[in-house]
Amino acid sequence: MRYHTLLHLISGYFYSTYGALATSSQIEKEYARLEIAFSEDCLPKQLDKEQLKNKIEDLITHEIPVNIKYAKRKDIYENNELIRTYTNLIPEQINTIRLIEIEGIDKQACAGTHVSNIKEIGSFQVEQLKNKGRLKKRIKVAIT
């Protein structure tokens, strides 16, 4: 739950700051990773592990609740802000979509488990911030 919510926080930061989209993620016992794709005109000029960690830690200090809401499928597609990944993995026969909202940071369709407040994520390290091509970055984090 902590890793999953942390990935929402990171992807929400990149989406709101750069318009970047998550392309994949993976959660393991000891770490989680997230790949983010940038557009040509919104690529960060400079970004390092410490900068990213500080930005996300600053968000965590705001102690924002993680809310669950539901919306009709047709409403989701009318609001492009709710589709923040490259692919839509929601099966077509599902008409009511579960949304996760971290107010002001992230709101998107998700069926995963999350903490109830981002302060529950606790401390973490950005272990890797790696280029995966010119417009894509891979972020590896570990909760400490």
Side-chain angles (χ1 to χ4, degrees), residues 1-73 75-77 79-92 94 96-144:
M1 291 171 22
R2 292 170 64 201
Y3 274 123
H4 193 115
T5 309
L6 177 58
L7 293 182
H8 274 279
L9 215 53
I10 294 169
S11 67
Y13 164 75
F14 278 111
Y15 182 80
S16 64
T17 306
Y18 301 102
L21 298 174
T23 59
S24 68
S25 65
Q26 178 182 359
I27 299 174
E28 299 291 339
K29 185 177 179 180
E30 303 295 326
Y31 71 92
R33 68 145 184 88
L34 181 67
E35 289 190 2
I36 302 288
F38 298 86
S39 65
E40 190 74 45
D41 55 336
C42 292
L43 193 62
K45 294 188 185 343
Q46 185 177 0
L47 182 68
D48 63 36
K49 294 188 304 186
E50 201 59 34
Q51 270 181 307
L52 179 59
K53 183 179 189 301
N54 291 340
K55 295 281 188 191
I56 303 305
E57 280 181 335
D58 183 55
L59 293 174
I60 290 172
T61 64
H62 290 85
E63 300 186 15
I64 300 167
V66 178
N67 298 310
I68 298 171
K69 299 179 178 187
Y70 294 89
K72 295 293 180 196
R73 183 184 196 92
D75 296 334
I76 298 275
Y77 289 101
N79 182 353
N80 288 337
E81 288 288 304
L82 297 177
I83 304 299
R84 296 184 177 186
T85 58
Y86 268 127
T87 58
N88 179 13
L89 303 176
I90 302 167
E92 287 187 32
I94 295 177
T96 302
I97 309 295
R98 181 177 182 254
L99 301 174
I100 297 302
E101 179 181 29
I102 304 170
E103 190 173 319
I105 300 170
D106 193 35
K107 183 175 182 181
Q108 62 180 295
C110 184
T113 58
H114 306 84
V115 296
S116 61
N117 190 300
I118 62 173
K119 70 180 177 184
E120 296 173 52
I121 294 169
S123 62
F124 69 96
Q125 291 296 323
V126 177
E127 293 193 340
Q128 184 181 72
L129 182 59
K130 179 178 175 180
N131 289 334
K132 294 299 286 179
R134 197 170 56 77
L135 298 175
K136 193 181 278 190
K137 300 218 181 271
R138 177 179 288 169
I139 300 117
K140 182 178 175 184
V141 292
I143 290 179
T144 55

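Keep in mind it's a predicted model, so treat the numbers as computed, not measured.
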With a 4.5 Å heavy-atom cut-off, do Tyr18 and Ile36 have their side chains touching?
no
Tyr15 versus Leu21: any side-chain heavy-atom pair under 4.5 Å?
yes
Do you know which two heavy atoms are closest between His4 and Cys110, and how far apart they sit?
NE2-SG, 3.1 Å
For a side chain to side chain contact (heavy atoms under 4.5 Å, CB included) with Lys53, tell me which candidate from Asp58, Asp48, Val126 qualifies.
Val126
Give, for atom NZ of Lys29 and atom CD1 of Ile143, the distance between the pair rounded to the nearest 0.5 Å.
13.5 Å
Decide whether Ser24 and Arg138 meet the rule of one side-chain donor and one side-chain acceptor closer than 3.5 Å.
no
Rounded to the nearest 0.5 Å, the CD1 atom of Ile102 sits from the CG atom of Asn117 at a distance of 9.5 Å
Rounded to the nearest 0.5 Å, how far apart are CD of Glu127 and CD1 of Ile139?
13.0 Å
Under 3.5 Å, is there a donor-acceptor pair between the Asn131 and Lys137 side chains?
yes
Just wondering, are more than 12 heavy atoms of other shown residues or ligands nearer than 6.0 Å to CD in Glu103?
no
For Gly122 and Ile60 the tightest heavy-atom approach is O-CD1, 4.0 Å
Quick one: does any side-chain atom of Ser16 pair with a main-chain N or O of Tyr13 as donor and acceptor, under 3.5 Å?
yes
For residues Val66 and Val115, report the shortest heavy-atom separation together with the two atoms involved.
CB-O, 3.2 Å
Does Lys132 pair with Glu35 as a salt bridge, N-O distance under 4.0 Å?
no
Can you tell me how far CD1 of Ile56 sits from CD1 of Ile121, rounded to the nearest 0.5 angstrom?
8.5 Å
Do Leu9 and Asp106 have side chains that get closer than 4.5 Å, going by heavy atoms?
no
Closest approach of Thr144 to Ser123 (non-hydrogen atoms, all atoms of both residues)
OG1-OG, 2.7 Å
Between Gly112 and Arg98, which heavy-atom pair has the shortest distance, and what is it?
O-NH1, 2.9 Å
Under the salt bridge (Lys or Arg N to Asp or Glu O under 4.0 Å) test, which residues partner Lys55, sequence neighbours left out?
none
How about CD on Glu30, more than 12 heavy atoms from neighbouring residues, nucleotides or ligands closer than 6.0 Å, or not?
no
Nearest-0.5 Å distance that lies between atom CD in Glu120 and atom NE2 in His114:
12.5 Å
Does some side-chain heavy atom of Leu59 sit less than 4.5 Å from a side-chain heavy atom of Ile64?
no
Between Gln108 and His8, does a side chain to side chain contact (heavy atoms under 4.5 Å, CB included) hold up when you go through it step by step?
CA-CA 9 Å; Gln108 62 180 295; His8 274 279; 3.6 Å; yes
Nearest-0.5 Å distance, CZ of residue Arg33 to CD of residue Gln128
10.0 Å
Min side-chain heavy-atom separation Lys72-Thr96 under 4.5 Å:
yes
Okay, side chain of Tyr3, backbone of Glu28: is any donor-acceptor separation there less than 3.5 Å?
no
Answer yes when Arg134 and Glu40 have at least one side-chain N-carboxylate O distance shorter than 4.0 Å, and no when they do not.
yes
Do any N or O atoms from the side chain of Thr17 and from the backbone of Phe14 form a donor-acceptor pair under 3.5 angstrom?
no
Evaluate Leu34 against Val141 for side chain to side chain contact (heavy atoms under 4.5 Å, CB included), listing each step before the verdict.
CA-CA 9 Å; Leu34 181 67; Val141 292; over 6 Å; no
